[in-house]
Amino acid sequence: MLPIYDRPMVTYAIEALVEAGVQELMLVTGGTHAGEFFRLLGNGHDYGIDRLFYAYQDQAGGIAEALGLAERFVDRDKVCVMLADNIFERSLRPIVENFERQDGGGRIVLSRVEEDEHLRHLGVAVMTDDTRVAQIVEKPESPPSKFAVTGIYFYDAQVWDVLPTLRPSGRGELEITDVNNWYVGRQAMEADVVEGFWGDAGESIDAYYEVNDFVRRNRTSR
Ligand code: G1P
């Protein structure tokens, strides 16, 4: 609900998904202000969402745990997951179309990030060539490449069998990076590299202000 420039952060993610063709969405949230999301988004129709569902995560159990709450909503189909603190300059539509064309497996989206101080707070891909990911390292002390793993992920129905096998990480969370590495380890993970600006406004307070500055300068806000 924190603002990016002149409106709540979550609305950017929702608009990016709707613009990319997503019509059914489940918002997973937690904490003491979950009701604010109902108030802002309602049934989703004003945002172009056909059917909007909500789930409540009652602890900070990680992104993979949050995804597990959407299992019945997705009904063991394939799924797109987006973290609502991610701001992309470019359309996500070509990436969604790439996923729709692929036979199975997963898909992640990489962004080239030059500064190690950012990369140390993110998932970073070890690359074998320009598009093949050999492994993802979560919050590496020495980043193995400049390719950050952004917060939009695509999975086939195998993901519902992977989630119950996960164990909490050092920070006590079920890590989405462990899900991604499961696919990577089976040569079942594709990757796109997104051009243009990408920011994770939840990465750090400095990243939050950088994302705000980008949006203000570029007036992607309405
Ligand atoms: C999460 C993922 C990380 C990814 C980032 C993108 O980090 O674990 O791999 O790079 O989102 O926004 P978290 O927000 O949980 O620190």
Side-chain angles (χ1 to χ4, degrees), residues 1-2 4 8-17 20 27-31 57 59-70 79-90 92 95 106-127 133-155 159 162-163 166-185 189-212 214-215:
M1 294 300 289
L2 281 173
I4 295 292
M9 193 186 291
V10 67
T11 61
Y12 293 86
I14 287 178
E15 285 183 12
L17 289 168
L27 181 95
V28 183
T29 185
Q57 186 179 24
Q59 53 179 2
I63 298 161
E65 184 194 74
L67 172 56
L69 299 177
V79 63
C80 167
V81 178
M82 183 166 180
L83 312 184
D85 57 6
N86 274 232
I87 305 281
F88 290 87
E89 179 179 12
R90 299 280 172 90
L92 301 173
I95 297 163
R107 191 165 204 100
I108 51 173
V109 178
L110 307 175
S111 171
R112 226 190 131 81
V113 171
E114 295 303 330
E115 305 82 14
D116 281 357
E117 57 267 36
H118 277 305
L119 292 164
R120 286 194 197 99
H121 292 106
L122 299 166
V124 181
V126 181
M127 305 295 287
V133 176
Q135 203 201 340
I136 301 163
V137 190
E138 187 62 24
K139 313 214 183 334
E141 196 46 55
S142 322
S145 79
K146 298 290 184 197
F147 288 103
V149 180
T150 70
I152 184 159
Y153 316 99
F154 300 84
Y155 304 110
V159 74
V162 178
L163 294 179
L166 300 177
R167 294 286 163 264
S169 64
R171 60 172 171 168
E173 297 190 5
L174 299 184
E175 298 288 340
I176 204 68
T177 288
D178 291 343
V179 177
N180 291 334
N181 275 329
W182 186 92
Y183 280 92
V184 170
M189 185 60 102
E190 304 292 330
D192 289 295
V193 178
V194 74
E195 300 297 326
F197 178 85
W198 166 71
D200 168 354
E203 180 206 302
S204 65
I205 192 68
D206 290 330
Y208 172 73
Y209 283 108
E210 271 176 42
V211 173
N212 270 280
F214 172 81
V215 172

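Side chains are part of it too, since the values below use all heavy atoms of this structure and drop only hydrogens, waters and symmetry mates. First listed ligand is number 1; within each ligand, the first listed atom is number 1.
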Looking at ligand 1, does R171 have a heavy atom less than 4.0 Å from it? yes
Heavy-atom closest pair (L163 atom, A64 atom, distance to 0.1 Å) is CD2-O, 3.8 Å
Within a reach of under 6.0 Å around CD of E115, are more than 12 heavy atoms found that belong to other residues, nucleotides or ligands? yes
Taking only non-hydrogen atoms of G151 and a 4.0 Å limit, the atoms of ligand 1 in range are 6 (C)
shortest atom 5 (C) of ligand 1-to-protein heavy-atom contact is with D200 OD2, 3.8 Å
of all protein heavy atoms, closest to atom 11 (O) of ligand 1 is L83 CD1, 3.3 Å
Going by the 4.0 angstrom heavy-atom rule, the piece of I136 near ligand 1 is neither
_Tell me whether N86 has any N or O atom under 3.5 angstrom from an N or O of ligand 1._
yes
Review point. So, is G123 polar-close to ligand 1, with some N/O to N/O distance under 3.5 Å?
Key: yes
Any heavy atom of E138 under 4.0 Å from ligand 1? The part involved is side chain
In ligand 1, the atoms that come under 4.0 Å of a heavy atom of L122 are 10 (O)
**Prompt:** Do we see a donor-acceptor contact under 3.5 Å between the side chains of Y12 and D85?
**Reply:** no
Heavy-atom closest pair (I108 atom, Y153 atom, distance to 0.1 Å) is CG2-CD2, 4.0 Å
Near T177 (heavy-atom distance under 4.0 Å), the atoms of ligand 1 are 9 (O)
Handout entry: Side-chain (S145) to main-chain (A125) donor-acceptor, under 3.5 angstrom
Key = yes
Minimal heavy-atom distance between K146 and E114, with the atoms involved, is NZ-O, 2.9 Å
Q.
Any atom of ligand 1 sitting under 4.0 Å from a heavy atom of K139?
A. yes
among protein heavy atoms, the one nearest atom 4 (C) of ligand 1 is V149 O, 3.2 Å
| message | With respect to E175, determine whether any N or O atom, backbone or side chain, lies less than 3.5 Å from an N or O atom of ligand 1. | response | no
shortest atom 1 (C) of ligand 1-to-protein heavy-atom contact is with I63 CD1, 3.8 Å
Residue set satisfying salt bridge (Lys or Arg N to Asp or Glu O under 4.0 Å) with R171, at least two apart, ordered chain then number -> E138, E173, E175
Margin query: Between W198 and V109, does the side-chain contact (heavy atoms from CB on, under 4.5 Å) criterion hold? Intermediate values first, please.
Written below: CA-CA 11 Å; W198 166 71; V109 178; over 6 Å; no
Check: Is the backbone N or O of G202 less than 3.5 Å from a side-chain atom of D200, with the two atoms forming a donor-acceptor pair by type?
Finding: yes
